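If you scroll down you'll find the structure; I have some questions about it.
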2 protein chains.
Amino acid sequence: MHASTFAALGEPKRLEIVELLRRGPVSVGDIAGTLGIRQPQVSKHLKVLREAGVVEDEPVARRRIYHLVPSAFEELGDWVESFEALWERRLDSLGDLLTTMQATRSDAQTTPEEKEGSP
Amino acid sequence: MHASTFAALGEPKRLEIVELLRRGPVSVGDIAGTLGIRQPQVSKHLKVLREAGVVEDEPVARRRIYHLVPSAFEELGDWVESFEALWERRLDSLGDLLTTMQATRSDAQTTPEEKEGSP
DNA sequence: CACTCATATTCCTCTTAGGGAATATGTCTT
DNA sequence: AAGACATATTCCCTAAGAGGAATATGAGTG
């Protein structure tokens, strides 16, 4: 996963553009009009999104219609999924830990004990 | 979905930190040592990640152990999913379009390109 | 309490990114 | 080909962000 993808989405206006494109392909001028951004800024933002692989454009008549690129979101989804798989494992470990603690001791008072293990 | 989450992940070193934390909770010093970044920079990056809700820290002895925050990734996952649902709808529309075109059966004209596929 | 280790914060500098205005490129239309 | 429209690019300026070095805060240990 490239940081540039996140960087592209990390700018508020660009995220708005992406949310707008969610509704379907839109031209540069329409993006500018809908979001109240000036056309040159829109073109700049689209350039960043395009180079990050988030959007693509297709010329139609004399305008350029921009649309989202599914594979970018698939990659993102895979990445996030690979993290979500961790919580389950962790929760299992936590369950084990709690079970162990409960079995070992069931009392705790003022002084929190220091967990040892790192030399 | 807040742009700040993406912005936090959009910096290469910070993304590295997140990838490292995937393996489990780590102290600031260990992050610095593992990634070859100086401690102050690590603290700064962690501050950004923390304020974006991506990581949390817990004091253990005299260090601070940082770990990922599941809810942040869940939110991310939901967001991405809401996009992936679109492709299917779009593909349905495309299917309809193709069906219509085939039914109409009026070829010739300015149909310049065809996606390569099964011949 | 003084000391030390671990982390956070500050100050400085420099590069980069974003907005505004103007202009260049490109593409239909007539 | 000239003109009109749509988009991209450039220049300028300002501000945000990231690294380096030094220092402040905080927590545990003798």
Side-chain angles (χ1 to χ4, degrees), chain A residues 2-18 20-21 25-67 110-119, chain B residues 2-21 24-67 109-110 112-113:
Chain A
H2 303 281
S4 58
T5 304
F6 291 113
L9 298 171
E11 213 281 328
K13 298 290 173 58
R14 282 199 291 267
L15 190 54
E16 281 186 54
I17 292 177
V18 170
L20 174 60
L21 288 181
V26 189
S27 73
V28 177
D30 283 357
I31 296 174
T34 304
L35 299 183
I37 319 174
R38 294 163 194 272
Q39 176 266 317
Q41 321 300 336
V42 172
S43 284
K44 290 180 199 170
H45 285 314
L46 287 171
K47 182 177 184 178
V48 176
L49 290 169
R50 193 183 339 119
E51 289 176 343
V54 177
V55 304
E56 277 176 353
D57 65 306
E58 184 198 6
V60 170
R62 52 174 114 170
R63 17 196 151 154
R64 287 185 162 270
I65 308 298
Y66 278 79
H67 60 92
T110 51
T111 308
E113 297 286 330
E114 178 181 340
K115 304 289 191 299
E116 268 305 327
S118 338
Chain B
H2 302 281
S4 58
T5 304
F6 291 113
L9 298 170
E11 212 281 328
K13 299 290 172 56
R14 283 199 292 267
L15 190 53
E16 280 186 55
I17 292 178
V18 170
E19 296 279 10
L20 174 59
L21 289 181
V26 189
S27 73
V28 177
D30 283 357
I31 296 174
T34 305
L35 299 184
I37 317 176
R38 293 162 195 273
Q39 178 266 318
Q41 322 301 336
V42 172
S43 284
K44 290 179 200 170
H45 285 314
L46 287 171
K47 183 178 185 179
V48 176
L49 290 168
R50 191 181 343 114
E51 290 177 343
V54 176
V55 305
E56 276 177 353
D57 65 306
E58 184 198 7
V60 170
R62 51 174 116 172
R63 19 196 153 154
R64 287 184 164 269
I65 309 299
Y66 279 79
H67 61 93
Q109 218 183 350
T110 50
E113 58 191 346

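Basis for what follows: all heavy atoms, side chains included, without hydrogens, waters or symmetry-related copies. None of the values given here were measured: they were computed from a predicted structure.
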Testing L49(A), I17(A), V28(A), V26(A) for side-chain contact (heavy atoms from CB on, under 4.5 Å) with Y66(A), which one passes?
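When side-chain contact (heavy atoms from CB on, under 4.5 Å) is applied between Y66(A) and each of L49(A), I17(A), V28(A), V26(A), only V28(A) qualifies.
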5'-most by nearest nucleotide on DNA chain C - R64(A) or Y66(B)
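With R64(A) and Y66(B) compared, the 5'-side residue is Y66(B).
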Starting at atom NZ of K44(A), determine the distance to atom P of dT16(C), rounded to an integer number of angstrom.
17 Å
In whole Å, I'd like the distance from the CZ atom of R50(A) to the P atom of dT7(D).
12 Å
Identify, residue by residue, the members of residues 6-16 of chain A with a heavy atom below 4.0 Å from DNA chain D, and return them in order of residue number, or none.
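Hits under 4.0 Å, by residue number: none.
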Do other residues, nucleotides or ligands put more than 12 heavy atoms under 6.0 Å from R63(A) CZ?
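At most 12 heavy atoms, drawn from other residues, nucleotides or ligands, come within 6.0 Å of this atom.
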Hey, does the side chain of H45(B) come within less than 4.0 Å of dG17(D)'s phosphate (OP1/OP2), counting only N and O?
no
Within residues 30-43 of chain B: residues closer than 4.0 Å to DNA chain D (heavy atoms)
R38(B), P40(B), Q41(B)
For atom NZ of K47(B) and atom P of dA6(C), their distance in whole Å:
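Rounded to the whole Å, the gap is 22 Å.
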Nearest of dA6(D), dG20(D), dA6(C) to any side-chain atom of R63(A)?
dA6(D)
More than 12 non-hydrogen atoms from neighbouring residues, nucleotides or ligands closer than 6.0 Å to NE2 on H67(B), yes or no?
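Buried by this count: over 12 neighbours within 6.0 Å.
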Return the set of residues passing side-chain contact (heavy atoms from CB on, under 4.5 Å) with A52(B) (not counting sequence neighbours), or none when no residue passes.
A8(B), V54(B)
Value in whole Å for how far the C1' atom of dT9(D) lies from CG of L46(A)
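In whole Å, dT9(D) C1' and L46(A) CG are 14 Å from each other.
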